[in-house]
Amino acid sequence: MADQSYRAWPFLDDRHRKLAADAEAWAAREVVEDEHGDIDEACRRLVRKFGAAGWLAQIVPVADVRSLCLLREIFARHSGLADFAFVMQGLGTGPIALFGSPEQKVAYLPPVARGDRIAAFALSEPQAGSDVAATATTARVDGNHVVLDGTKTWISNAGIADHYVVFARTGEAPGARGLSAFIVDADTPGFAVSARIPLIAPHPLGTLTLSDCRIPRTAMLGEPGQGFKIAMATLDVFRPSVGAAALGFARRAHDEAMTHAGARAAFGKKLAEFQLIQQKIADMAVAIDAAALLVYRAAWTKDTIGGRVTRESAMAKLFATEEAQKVIDQAVQIFGAAGVVAGATVERLYREIRALRIYEGTSEIQKLVIAGQALADHAGEPAR
Ligand code: COS
């Protein structure tokens with residue numbers, strides 16, 4: 001049984017504790033680990049299930065970051081693919097929920113919240129991953145239309161999404177200030193999923209080609225030139241939840257390791273009786289609690305104080321993902337050879353955690369964000 005003592009922490013209210021208990025019971029019944037077979041179909045099925053059960057309505061739109069984090073943590077503990085299918089509905093509608101017009105919200109949010117349509121967030125490019133300001137995809141106004149040209153890559157849900165939030169250069173200013181965000185329907189002429197990209201822990205991912213792709217001007221989100229801010233504000237909400245998913249993986253690995261250490265014997269004793277194993281178990285427990293404190297601190301800060309939580313989000317994502325990687329590695333070590341056998345739970349977790357230190361801002365980018373803010377605070381610069 002995974003530790004649930006964190007749910008008594010003051011960052012959470014009774015409604016969160018109830019939500020977590022309900023999600024826990026539902027996930028135990030409904031979420032099965034399914035990495036094999038048709039991954040697209042598995043994701044579509046999961047999205048429909050999450051929609052029908054009402055879980056997507058909790059994050060489309062995100063009303064409360066603590067709920068988003070709790071749900072991701074619980075779903076990730078059961079299945080990485082389930083967590084992925086769940087959160088992408090939130091990330092792919094996050095910019096619409098935060099910056100969309102009333103008409104855009106009405107058109108796009110309810111079908112995604114019901115699980116009838118699938119959402120995606122298209123920011124990265126072959127030459128613009130961490131460096132968002134280098135975005136090269138262009139958007140040119142032509143009468144009542146905007147014409148998009150360029151390539152987006154490593155886009156989650158590519159191939160199964162019904163709409164993509166695409167960031168492109170509109171040129172109001174150089175760099176970060178010259179980007180805008182658009183909603184592009186998957187059936188728009190000139191839009192194509194030009195490649196699918198296999199991953200070490202499979203989920204739908206691919207490359208998008210926009211070629212003379214003509215969308216109505218009303219598909220722009222927010223104001224011209226606001227694209228970078230829209231992307232960053234969305235990531236501020238979702239980065240703590242990446243930490244929460246990492247926590248889910250880490251808790252699962254810790255549980256698996258403790259079960260194994262209590263069952264397996266060596267040199268006439270259970271593994272759990274060896275101090276070197278106990279040291280690992282303790283290190284894992286401390287890392288998990290410390291990560292949970294940062295994740296729920298970031299979520300609580302956004303929910304109760306509001307404003308920019310860039311620093312808190314970055315700390316939560318950085319620490320929780322890096323520590324989860326170590327926790328899972330220790331779990332594999334405790335399992336020994338059984339831990340590297342394809343199909344073992346800890347082997348799957350070992351593959352699943354890796355991407356979380358990269359997507360939605362690498363660990364290195366999170367450090368730049370944290371240092372930038374700390375130095376600005378130290379110099380007494382006003383908060384931005
Ligand atoms: N919320 C609102 N506005 C923000 C913001 C945020 N979280 N972060 C930055 N901005 C605004 C700034 O206020 C600034 O506006 P002004 O020019 O009006 O002052 C502007 O955006 C540029 O900000 P900044 O100068 O801090 O940006 P940098 O180019 O120095 O750094 C990094 C940006 C590197 C931190 C950013 O590009 C980043 O996070 N990159 C990683 C992106 C990522 O996660 N990629 C993965 C793809 S998504 S899976």
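Residue numbers start at 1 and run along the sequence shown. As the structure lists them, so they are numbered: ligands from 1, and atoms in each ligand from 1.
- Under a 4.0 Å heavy-atom criterion, Asp236 is in contact with ligand 1.
- Looking at Glu360, Lys229, Arg308, Lys317 and measuring to atom 10 (N) of ligand 1, the nearest heavy atom belongs to Arg308.
- Annotation: Ser124 places no N or O atom under 3.5 Å from an N or O atom of ligand 1; distance criterion only.
- Screening Leu210, Val146, Leu221 against Phe182 for a side chain to side chain contact (heavy atoms under 4.5 Å, CB included) leaves a single residue, Val146.
- Within the structure, ring pair (Phe, Tyr, Trp, His ring centres under 6.0 Å) contacts touching residues 248-274 (residues at least two apart or in different chains) are His260-Phe335.
- The number of heavy atoms from other shown groups lying within 6.0 Å of CZ (Arg17) is above 12.
- If you check each of Glu125, Arg177, Met232 against atom 5 (C) of ligand 1, the one with the closest non-hydrogen atom is Met232.
- Inclusion of Ser130 in the set of residues having an N or O under 3.5 Å from an N or O of ligand 1 is warranted.
- Contact annotation for Leu235 and ligand 1: only side-chain heavy atoms (C-beta onward) come within less than 4.0 Å of the ligand.
- Taking Ala261 as the reference, Leu271, Ala272, Ile277, Ile334 meet the side chain to side chain contact (heavy atoms under 4.5 Å, CB included) condition, with sequence neighbours excluded.
- Under the 3.5 Å distance criterion, the side-chain polar atoms of Glu256 are left unmatched by any main-chain donor or acceptor of Arg252.
- Within the listing of ligand 1, atoms 34 (C), 38 (C), 39 (O), 40 (N), 41 (C) sit less than 4.0 angstrom from a heavy atom of Ile365.
- Ligand 1 has no N or O atom lying under 3.5 Å from any N or O atom of Val369, backbone or side chain.
- Side-chain atoms of Glu312 and Thr301 form no donor-acceptor pair, as typed in the model, at a separation below 3.5 Å.
- The 12-atom threshold is exceeded at CZ of Phe11, counting heavy atoms of other residues, nucleotides or ligands nearer than 6.0 Å.
- Contact atoms of ligand 1 toward Phe228: 9 (C), 20 (C), 21 (O), 22 (C), 23 (O), 27 (O), 33 (C), 36 (C), 37 (O) (distance under 4.0 Å to a heavy atom of the residue).
- Where the criterion is an N or O separation shorter than 3.5 Å, residue side chain and backbone included, Tyr359 fails it with respect to ligand 1.
- Within a 6.0 Å sphere centred on CD of Gln127, heavy atoms belonging to other residues, nucleotides or ligands number 12 at most.
- In summary, the atoms of ligand 1 found under 4.0 Å from a heavy atom of Thr310, numbered by their order in the structure, are 7 (N).
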